[in-house]
Amino acid sequence: MATKLVIFDLDGTLLNTITDLAVATNLALSQLGFLTHDEEAYKIFVGNGIDVLFERALPEGEKSADNVKRVRDIFLPYYNEHNRDATAPYPGIIELLQKLKAAGVKIAVASNKYHEGALATVRGYFSEIMFDVIFGHREGYQPKPDPAVVFDILDICGIEDKNEVLYVGDTVVDMQTAKNAQIPAVAVTWGFRSENELKACNPAYLIHKPEELFEIVMK
């Protein structure tokens, strides 16, 4: 059955955001007197939303809700101004999205990035591409791997048959989200997690280049 909708994760799947996330979090940690981390560490910290990112970045014994809020209060104003300093789409992503839209396939984003940040980021980098739905982590919703965001996208896009949908992501959280939503998962190896970690999740597909996804969709 033809694929009618592709749901994408954002950070690590469509966009390489790790440098800007690391810089903004390190700035907040430094201002609060905590040790900072190298960029590689942030590839492990991200994936479950910014509050979990901050909790992971804080030292042992300092991972309180109050400290998470203090980091957040410094991070957000800075990141909102600097989230395009180093961030860029992965090679081939814009071409992939254009080809999917030209083929009549609906495209959506389901991200654990805070909702306003997800909207601004997608619209900033993909201003000429019309996504059918863009959802970040919204107040009152559980973050991924809770499948609620996926179900909302299906409703908005009018998709009832989950076999007509692919979920594309780069982390274990994404693979769990797809499993919880009972949608075939496509794991991408260009993001923030290792190929072995993704293989262990048994995705329906594992790809190394964006053009491979178009081939799968067009089968």
Answer yes or no: is there a side-chain heavy-atom contact under 4.5 Å between [X] and [Y]?
{"X": "L58", "Y": "V68", "answer": "yes"}
{"X": "L100", "Y": "F8", "answer": "yes"}
{"X": "L166", "Y": "I7", "answer": "no"}
{"X": "L213", "Y": "Y205", "answer": "no"}
{"X": "Y141", "Y": "V149", "answer": "no"}

Nearest-0.5 Å distance that lies between atom [atom1] in [X] and atom [atom2] in [Y]:
{"X": "T25", "Y": "I50", "atom1": "OG1", "atom2": "CD1", "value": "8.5 Å"}
{"X": "L154", "Y": "F151", "atom1": "CG", "atom2": "CZ", "value": "7.5 Å"}
{"X": "E128", "Y": "Q98", "atom1": "CD", "atom2": "CD", "value": "7.5 Å"}
{"X": "N67", "Y": "E55", "atom1": "CG", "atom2": "CD", "value": "10.5 Å"}
{"X": "N83", "Y": "K113", "atom1": "CG", "atom2": "NZ", "value": "7.0 Å"}
{"X": "F135", "Y": "L119", "atom1": "CZ", "atom2": "CG", "value": "9.0 Å"}

May I ask you to check whether D85 and Y79 show a side-chain donor-acceptor distance below 3.5 Å?
no

Can [Y] be reached from [X] by stepping across I, L, V, M, F, W or Y side chains whose heavy atoms are under 4.5 Å apart?
{"X": "L206", "Y": "L14", "result": "no"}
{"X": "Y114", "Y": "V52", "result": "no"}
{"X": "V109", "Y": "V168", "result": "yes"}
{"X": "I156", "Y": "I159", "result": "yes"}
{"X": "M218", "Y": "V6", "result": "yes"}

On the six-membered ring of [Y], is [X] placed so that its NZ or CZ lies under 6.0 angstrom from the centre and within 45° of the ring axis?
{"X": "K99", "Y": "F214", "result": "yes"}
{"X": "R72", "Y": "F54", "result": "no"}
{"X": "R123", "Y": "F126", "result": "no"}

Any salt bridge between [X] and [Y], counting N to O under 4.0 Å?
{"X": "K43", "Y": "E40", "answer": "yes"}
{"X": "R138", "Y": "D152", "answer": "yes"}
{"X": "K199", "Y": "E195", "answer": "yes"}

Do any N or O atoms from the side chain of [X] and from the backbone of [Y] form a donor-acceptor pair under 3.5 angstrom?
{"X": "D170", "Y": "F192", "result": "yes"}
{"X": "E212", "Y": "H208", "result": "yes"}
{"X": "D132", "Y": "K106", "result": "no"}

Which atom pair, heavy atoms only, marks the closest approach of [X] to [Y]?
{"X": "Y167", "Y": "D174", "value": "OH-OD1, 2.8 Å"}
{"X": "L96", "Y": "P210", "value": "CD1-O, 3.7 Å"}
{"X": "K209", "Y": "W190", "value": "C-CZ3, 3.4 Å"}
{"X": "Y125", "Y": "P89", "value": "CD2-CD, 3.8 Å"}
{"X": "P203", "Y": "M175", "value": "CB-SD, 3.8 Å"}
{"X": "I153", "Y": "A110", "value": "CD1-CB, 3.9 Å"}

Run the side-chain contact (heavy atoms from CB on, under 4.5 Å) check on H82 and V23 step by step: do they pass?
CA-CA 9 Å; H82 294 273; V23 168; over 6 Å; no

Ring centres under 6.0 Å, that's the criterion: do H37 and F45 meet it?
yes

Test side-chain contact (heavy atoms from CB on, under 4.5 Å) on I216 and I207; report intermediate values, then the result.
CA-CA 10 Å; I216 293 168; I207 62 174; 3.7 Å; yes

With N48 as partner, the option from H137, R56, K144 fulfilling side-chain hydrogen bond (donor to acceptor under 3.5 Å, both in side chains) is R56

Which of D11, T121, T87 passes side-chain hydrogen bond (donor to acceptor under 3.5 Å, both in side chains) with T17? Answer is D11

If you apply the rule side-chain contact (heavy atoms from CB on, under 4.5 Å), what do you find for N112 with V173, and how did you get there?
CA-CA 10 Å; N112 271 346; V173 171; 4.1 Å; yes

Look at atom NZ of K179 and say whether more than 12 heavy atoms of other residues, nucleotides or ligands are closer to it than 6.0 Å.
no

Assess the residue pair T3 and E164 against the criterion (side-chain hydrogen bond (donor to acceptor under 3.5 Å, both in side chains)); give the C-alpha distance rounded to whole Å, side-chain angles, the decisive distance to 0.1 Å, and a yes or no.
CA-CA 4 Å; T3 299; E164 297 176 341; over 6 Å; no

Assess whether side-chain contact (heavy atoms from CB on, under 4.5 Å) is satisfied between L198 and V188, documenting all intermediate values.
CA-CA 8 Å; L198 293 168; V188 306; 6.0 Å; no

Please identify each residue that fulfils salt bridge (Lys or Arg N to Asp or Glu O under 4.0 Å) with D146, with sequence neighbours left out.
none

